[in-house]
Amino acid sequence: MKKKMKASLQFLLAIMLVMLFFCMAKIVKGPTKKLLPFVDCGAKCEARCSAHSRKKICIRACGTCCSRCKCVPPGTYGNREVCGRCYTDMVTHGNKPKCP
């Protein structure tokens, strides 16, 4: 009786850990599913847009790109290739680069 109870408690604990894991991690749907790391978009975009002449617009665009690509390039300008095609290929309706 105690073995069954111990086994069922272990099973429930395992299920709860798996559920917790999936709640904490984000899964990207697509051809290759992978877990994406957490990125503090607010702080990184503040740093990225600190030297921009239109800071609020830059932060808004950067936040959109960061939430979609889970990456913000280092520095205040350039280095966009660090974040890959997701970041470099995103464009506005006017076909201009969206991500600062």
Closest approach of [X] to [Y] (non-hydrogen atoms, all atoms of both residues):
{"X": "Thr92", "Y": "Lys98", "answer": "CG2-CA, 4.0 Å"}
{"X": "Thr76", "Y": "Ala47", "answer": "CG2-O, 3.6 Å"}
{"X": "Tyr87", "Y": "Pro100", "answer": "OH-O, 2.7 Å"}
{"X": "Asp40", "Y": "Ala43", "answer": "OD2-CB, 3.2 Å"}

Is there a donor-acceptor pair under 3.5 Å between the side chain of [X] and the backbone N or O of [Y]?
{"X": "Tyr77", "Y": "Arg48", "value": "no"}
{"X": "Arg80", "Y": "Cys99", "value": "yes"}
{"X": "Asn79", "Y": "Pro73", "value": "no"}

query: disulfide bond (SG atoms under 2.5 Å apart) between Cys49 and Cys58: does it pass, once the steps are laid out?
result: CA-CA 6 Å; Cys49 296; Cys58 177; 2.0 Å; yes

- request: First locate atom OG of Ser50, then atom CD1 of Ile59, and finally report the distance between them rounded to the nearest 0.5 Å.
  value: 9.0 Å

Residues in side-chain contact (heavy atoms from CB on, under 4.5 Å) contact with Cys45, at least two apart in sequence or another chain: Cys62, Cys66, Val72

field: CA sep, side-chain torsions, deciding dist, call: Cys86, Cys71, disulfide bond (SG atoms under 2.5 Å apart)
entry: CA-CA 9 Å; Cys86 175; Cys71 182; over 6 Å; no

